[in-house]
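A short worksheet on the structure shown next.
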Amino acid sequence: MTDDPFPRLGAWVKLPAPESVELLALAGFDFVVIDTEHGTIDIRTMSTMIGLARGCGIAPFVRVADTAPRDVQAPLDAGAAGLFVPQVDDAAAALDAVRATRFPPLGRRGASTSGRAGRWGLEALGDYLRTGNEEVRLVVQAESLEALSAIVEIGEVAGVDAVFIGPTDLAVSSGLRDDDRSLADLVAAAERRCAEHRITLGTTASGNAPALLDRGYDFLVLGADTTMLRQSGHALVSGARSDAPAVGR
Ligand code: 3PY
Ligand code: MG
């Protein structure tokens with residue numbers, strides 16, 4: 001567990017194009033989350049993205065689909081700054097995530113300095129193990145009512161660095177609309193409990209980043225490369241259509 005503050009503003013990378021990472025770094029984001037839960041990014045592309053992010057000075061996180069060794073080992077060996085693990089409903093699931101992603105004695109991650117995380121074999125084994133257990137961050141996603149009510153127990157599992165509330169899956173799994181008042185109250189209560197217990201907390205923003213930071217969130221994912229492209233493309237097209245002379249249309 002590192003004492004360094006969590007990088008604050010991030011973006012999902014969904015397109016299997018390493019250039020997305022470079023563009024988001026130039027845009028000023030502090031971190032990217034390369035999304036292998038949703039989207040079509042393969043291991044080769046994910047590893048290239050991690051190397052590129054490091055070269056551009058932006059922290060590369062990877063959202064894994066699951067905690068099977070094949071899901072977590074490749075991004076960790078490729079030098080991810082941390083992993084986002086979806087659908088962690090209780091402390092037992094958080095402990096599973098720790099066991100899958102940390103070296104012994106905390107977990108059962110396999111060790112090899114041969115990848116980027118071990119500086120291609122240059123890193124001393126002890127430094128590689130320490131970095132993997134103390135500097136690489138494990139973010140678990142709270143995406144159900146069960147997870148919201150157990151958020152402190154989840155966030156306090158040794159080896160977990162932060163909890164991330166996933167508003168879309170939370171709404172879907174609870175059967176409530178994402179603007180439902182009772183859901184908003186449960187989220188606000190979870191935010192307060194995290195603040196009381198000093199649990200690092202993140203979520204996605206949708207145009208409300210300043211309000212969320214005011215409410216105590218430590219880090220936010222502001223959007224996805226796909227959404228940014230669609231929205232700015234749409235704005236350009238509709239601007240051009242509305243400004244175009246009507247004649248001949
Ligand atoms: C969700 O909202 O379900 C997410 O996983 C991220 O926004
Ligand atoms: Mg989700």
Side-chain angles (χ1 to χ4, degrees), residues 2 4 6-86 97 100-103 109-125 127-141 161-162 164 202 204 219-233:
T2 167
D4 292 345
F6 205 99
R8 211 156 166 78
L9 302 178
W12 303 111
V13 175
K14 309 256 181 184
L15 293 171
E19 290 81 357
S20 263
V21 171
E22 199 177 351
L23 288 161
L24 293 165
L26 285 171
F29 285 95
D30 304 314
F31 68 98
V32 284
V33 191
I34 300 161
D35 192 0
T36 65
E37 182 195 14
H38 300 293
T40 57
I41 297 173
D42 62 16
I43 292 178
R44 165 78 271 160
T45 308
M46 177 260 295
S47 173
T48 303
M49 286 175 168
I50 291 173
L52 186 56
R54 292 200 170 274
C56 293
I58 183 169
F61 288 79
V62 174
R63 175 158 69 176
V64 294
D66 200 352
T67 53
R70 83 172 63 78
D71 289 316
V72 300
Q73 194 72 51
L76 291 172
D77 284 349
L83 300 186
F84 280 51
V85 175
T101 56
R102 300 301 192 189
F103 296 118
R109 173 181 166 194
S112 167
T113 59
S114 62
R116 189 182 289 110
R119 291 199 300 135
W120 309 107
L122 282 176
E123 193 86 327
L125 182 63
D127 291 337
Y128 161 82
L129 297 175
R130 191 195 51 73
T131 305
N133 273 2
E134 292 176 21
E135 287 177 22
V136 170
R137 303 192 202 236
L138 174 60
V139 182
V140 294
Q141 295 192 198
D161 293 291
F164 178 91
T204 51
F219 66 100
L220 297 174
V221 180
L222 300 184
D225 53 359
T226 43
T227 318
M228 295 175 210
L229 186 57
R230 176 178 49 74
Q231 282 173 344
S232 50

What is the distance from atom CG of Leu138 to atom CG of Asn133, rounded to the nearest 0.5 Å?
10.5 Å

Provide the full list of salt bridge (Lys or Arg N to Asp or Glu O under 4.0 Å) pairs with a residue in residues 72-83, sequence neighbours left out, each pair given once.
Asp77-Arg109

Test side chain to side chain donor-acceptor pair (under 3.5 Å) applied to Arg44 - qualifying residues, sequence neighbours left out
Thr48

Can you confirm whether more than 12 heavy atoms, excluding those of Leu52, are under 6.0 Å from its CG atom?
yes

Residue pairs passing the side chain to side chain donor-acceptor pair (under 3.5 Å) test where at least one lies in residues 52-62, sequence neighbours excluded
none

Is there a donor-acceptor pair closer than 3.5 Å between any side-chain N or O of Thr227 and the backbone N or O of Gly223?
no

Checking Arg63 now: which residues fulfil side chain to side chain donor-acceptor pair (under 3.5 Å) with it, not counting sequence neighbours?
Asp35, Glu37, Gln141

Hey, could you give me the CH2/OG1 distance between Trp12 and Thr226, rounded to the nearest 0.5 Å?
11.0 Å

Once rounded to the nearest 0.5 Å, what's the spacing between atom CD of Glu135 and atom CG of Asp4?
7.0 Å

Between OG1 of Thr36 and NZ of Lys14, what distance do you get to the nearest 0.5 Å?
10.5 Å

Go through the structure and list residues passing side chain to side chain donor-acceptor pair (under 3.5 Å) with Ser112, not counting sequence neighbours.
Ser114

Under 3.5 Å donor-acceptor pairs involving side-chain atoms of residues 16-34, not counting sequence neighbours:
from, atom 1, to, atom 2, distance (Å)
Ser20, OG, Asp225, OD2, 2.8
Asp30, OD2, Arg8, N, 3.4
Asp30, OD2, Leu9, N, 2.9

Passes side-chain contact (heavy atoms from CB on, under 4.5 Å), Thr131 versus Tyr128? Steps please.
CA-CA 5 Å; Thr131 305; Tyr128 161 82; 5.9 Å; no

Do Phe61 and Phe6 pass the ring-ring contact (aromatic ring centres under 6.0 Å, His included) test, and can you show the C-alpha distance, the side-chain angles, and the key distance before you say yes or no?
CA-CA 11 Å; Phe61 288 79; Phe6 205 99; 5.2 Å; yes

How far apart are the closest heavy atoms of Ala59 and Pro7, and which atoms are they?
CB-CG, 4.3 Å

Donor-acceptor pair, Ser232 side chain versus Met228 backbone, under 3.5 Å?
yes

Using modelled atom types only, decide if a donor and an acceptor are shared between the side chain of Arg116 and the backbone of Ser47 within a distance under 3.5 Å.
yes

